[in-house]
Amino acid sequence: LTIEGDRLDYFQLTQNQVSSDGVLSVTLATSKNIIDRENKEVLKEGGLYAFQVRAREVVDESGPVYGEETITSVTIVVTDIDDELPVFNRNSFTVPVPEDVGSDTPLPGLTLEVVDKDVSKNAEFSLSLEAVSPNSEGVFYVYPERALGKTPVIIRVKDPERLDYENEAARNFQFNVIAEALNGMKIKSEITVVVTDSNDNIPQFAEKSYEFNVAEDALAELPIGKIEAFDPDSGSYGEILYSIKGFGSEKFYVRPETGDISVASCGSENEIIPQGASCLDYEDRKSFSLTYTATDGGGQTTTTNLVIRIEDVNDNHPEFGLDEYRRVVREGDSVFEPALFIKATDADGPLQGGGKVFYTIKTINTDATVFQIDPMSGEITMTKPVRVEDTENGRYDLVIRATDQGKPDPLHGDVKVFIDVGSIRNQKPKFSQPRYDIAIRENAEAESDVIQVKADDPDGKNSDLRYHIHSGSKDNFVINPATGMITVAPDAVLSIEQNGELYEISVQVTDNGEPYQQTSGAQVTITVQDVNNKAPKFLQ
């Protein structure tokens with residue numbers, strides 16, 4: 001008997017015993033390694049730790065030579081104990097506070113956090129304040145008083161009348177924030193509050209938040225809006241400067257003295273950017289949530305939330321998956337085998353067509369009506385058999401246009417399609433069978449093998465054949481292009497409730513022949529079998 005898959009070496013087998021009837025019994029025991037529920041591997045599985053026990057028949061001990069074997073799975077539920085103390089993000093803070101701060105105001109700029117890595121009730125702890133300097137008793141209070149897991153700590157002013165810059169005894173305060181776990185263990189973070197002299201008023205915004213819209217193709221220096229704050233103080237204390245902070249704030253500019261907001265120029269000194277260009281792109285980022293700050297001459301700061309939404313503009317042309325498409329057909333053929341699809345994508349958003357494109361045949365080098373294209377799917381089909389004499393050189397030259405649904409003017413992209421008619425020197429590869437059927441379980445492991453498709457090239461090397469999935473996999477299956485082995489995708493979701501039980505996958509193989517590569521197709525049907533992995537639920 002052996003343990004396999006115990007990656008953290010938490011367990012061992014001890015006390016081997018063999019009964020009179022040949023039954024081997026062992027005891028599963030913990031090893032010297034301490035089981036830690038906070039280990040990343042255990043946390044990732046929600047506290048479950050799984051491994052296997054293998055039993056092998058010893059045929060010859062001298063070898064040893066093993067015979068039949070069996071494997072059973074073992075899942076250990078690791079329960080949490082209160083073995084983690086709360087931890088503050090810093091051991092000490094020094095916080096400047098103006099003397100005219102109001103009651104219940106949080107200490108500005110205090111970013112104190114405490115975290116207990118235990119789970120559930122073991123992660124509970126209480127918060128309290130402990131005076132270090134005698135004058136700090138009763139001046140502040142902590143919120144919350146009880147917490148769980150990771151918690152931001154807010155210290156509020158309880159008695160602002162005791163903050164007085166002019167009184168030296170009321171200018172500095174020291175106290176500890178105490179976090180006490182359920183087991184009575186305590187940790188602390190020391191807070192030093194320094195009272196500063198200040199003007200009586202801080203800048204005030206008329207609104208709690210502001211929103212503006214701007215088109216993604218807006219040029220630099222285009223005005224977006226204006227936000228002003230009011231400060232009734234006189235002199236330099238009443239003078240306000242504005243600024244913007246936050247991720248992406250460099251794409252905008254605010255005039256510090258007036259609060260006028262505009263689009264910023266794009267690029268840096270080392271980049272060559274067209275004059276007047278901006279870095280706004282709806283497809284890259286649709287909105288910006290920024291912090292808009294007003295600071296008066298006395299250093300008092302007020303912030304408000306500024307949201308700038310980017311309006312989508314039809315600025316992306318449809319793009320095709322290939323630079324050109326080529327196909328060879330025989331004289332008199334009336335269908336493509338396999339089907340010929342032209343595929344284009346458009347990156348614009350929902351207001352500009354949502355990525356939908358429509359296909360048309362722009363030009364063709366013959367007066368004969370031989371081909372048509374499905375405007376939605378991009379499939380090219382024949383309306384009548386192809387003939388060499390339809391064109392001068394025996395080849396149909398088409399230009400396919402994909403047009404998006406953008407406004408005010410749709411954009412388009414073109415691609416060339418060449419269809420040669422005549423004797424095909426390069427023969428198509430042929431699958432060993434036209435259809436493959438396989439069943440797998442719903443809990444099949446990612447990257448596990450499902451089925452291998454094989455094809456033969458009658459006039460080339462089979463090693464040059466390349467396989468790909470054309471459709472039907474729902475992103476849950478992938479194929480090795482060299483071997484044709486279909487496997488479960490690394491991020492597959494085989495849930496029958498979510499994706500159904502049937503996958504009709506179209507697989508194609510392409511050779512490396514001249515003058516053009518040839519392609520053949522086969523159908524692979526994968527049936528996903530249900531497993532008992534859902535607990536029953538009451539209707540009420």
Side-chain angles (χ1 to χ4, degrees), residues 318-345 357-403 412-431 434-435 453 455-462 464-473 479 481-482 484 505-524:
E319 295 185 357
F320 289 90
L322 299 176
D323 294 333
E324 62 180 33
Y325 293 80
R326 291 183 178 270
R327 183 64 67 88
V328 179
V329 294
R330 291 180 174 85
E331 172 87 10
D333 279 354
S334 58
V335 294
F336 288 106
E337 293 183 1
L340 177 56
F341 284 89
I342 309 300
K343 180 66 175 177
T345 57
V357 296
F358 294 89
Y359 303 92
T360 57
I361 297 177
K362 181 186 177 186
T363 62
I364 185 171
N365 63 337
T366 180
D367 294 330
T369 303
V370 184
F371 304 101
Q372 64 182 7
I373 188 168
D374 187 299
M376 301 294 294
S377 68
E379 181 182 10
I380 297 177
T381 56
M382 301 178 190
T383 59
K384 67 178 184 179
V386 295
R387 302 297 178 195
V388 173
E389 59 268 18
D390 283 346
T391 64
E392 293 182 1
N393 58 357
R395 185 182 75 183
Y396 296 97
D397 297 346
L398 294 80
V399 175
I400 302 300
R401 170 161 292 182
T403 305
H412 64 265
D414 295 336
V415 69
K416 293 181 179 180
V417 179
F418 302 105
I419 301 173
D420 280 88
V421 182
S423 175
I424 304 176
R425 288 176 290 167
N426 176 34
Q427 299 184 55
K428 291 183 179 181
K430 184 178 181 181
F431 279 95
R435 184 179 183 89
V453 297
D456 179 68
D457 189 349
D459 56 0
K461 296 180 179 179
N462 289 345
D464 290 336
L465 296 177
R466 288 297 177 264
Y467 301 86
H468 68 276
I469 291 177
H470 180 264
S471 62
S473 70
I479 191 169
I505 300 176
S506 174
V507 177
Q508 294 183 351
V509 61
T510 303
D511 66 14
N512 197 29
E514 297 291 344
Y516 306 115
Q517 295 176 331
Q518 291 293 319
T519 301
S520 295
Q523 191 77 11
V524 178

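The figures that follow rest on heavy atoms only: side chains count, while hydrogens, waters and symmetry mates do not.
- Phe431 is listed as a side-chain neighbour of Val507, based on a closest heavy-atom distance under 4.5 Å.
- Arg327 CZ to Gln518 CD: the interatomic distance, rounded to the nearest 0.5 Å, is 8.0 Å.
- Between Val453 and Ile479 there is a side-chain heavy-atom pair separated by less than 4.5 Å.
- Lys428 contributes a side-chain N or O that, together with a main-chain N or O of Glu337, makes up a donor-acceptor pair within less than 3.5 Å.
- Ring planes of Tyr325 and Phe320: perpendicular class, angle over 60° (limits at 30 and 60°).
- Side-chain atoms of Tyr467 come within 3.5 Å of backbone N or O of Ala455 as a donor-acceptor pair.
- Residues Gln508 and Pro429 fail the side-chain proximity criterion, which asks for heavy atoms closer than 4.5 Å.
- A distance of 13.5 Å separates CG in Asp511 from NZ in Lys461, rounded to the nearest 0.5 Å.
- For the ring pair (Phe, Tyr, Trp, His ring centres under 6.0 Å) condition, no pair includes a residue of residues 375-394, sequence neighbours left out.
- Using cut-offs of 30° and 60° on the angle between ring planes, the pair Phe336 and Phe371 is parallel.
- Considering only heavy atoms from C-beta on, Thr510 stays 4.5 Å or farther from Leu465 through its side chain.
- Salt-bridge annotation for Lys430 and Asp456: absent, with no side-chain N of the basic residue lying under 4.0 Å from a carboxylate O of the acidic one.
- In this structure, CG in Leu398 is found 8.5 Å from CD1 in Ile342, a value given to the nearest 0.5 Å.
- With contacts defined as side-chain heavy-atom distances shorter than 4.5 Å, the pair Arg401/Val399 does not qualify.
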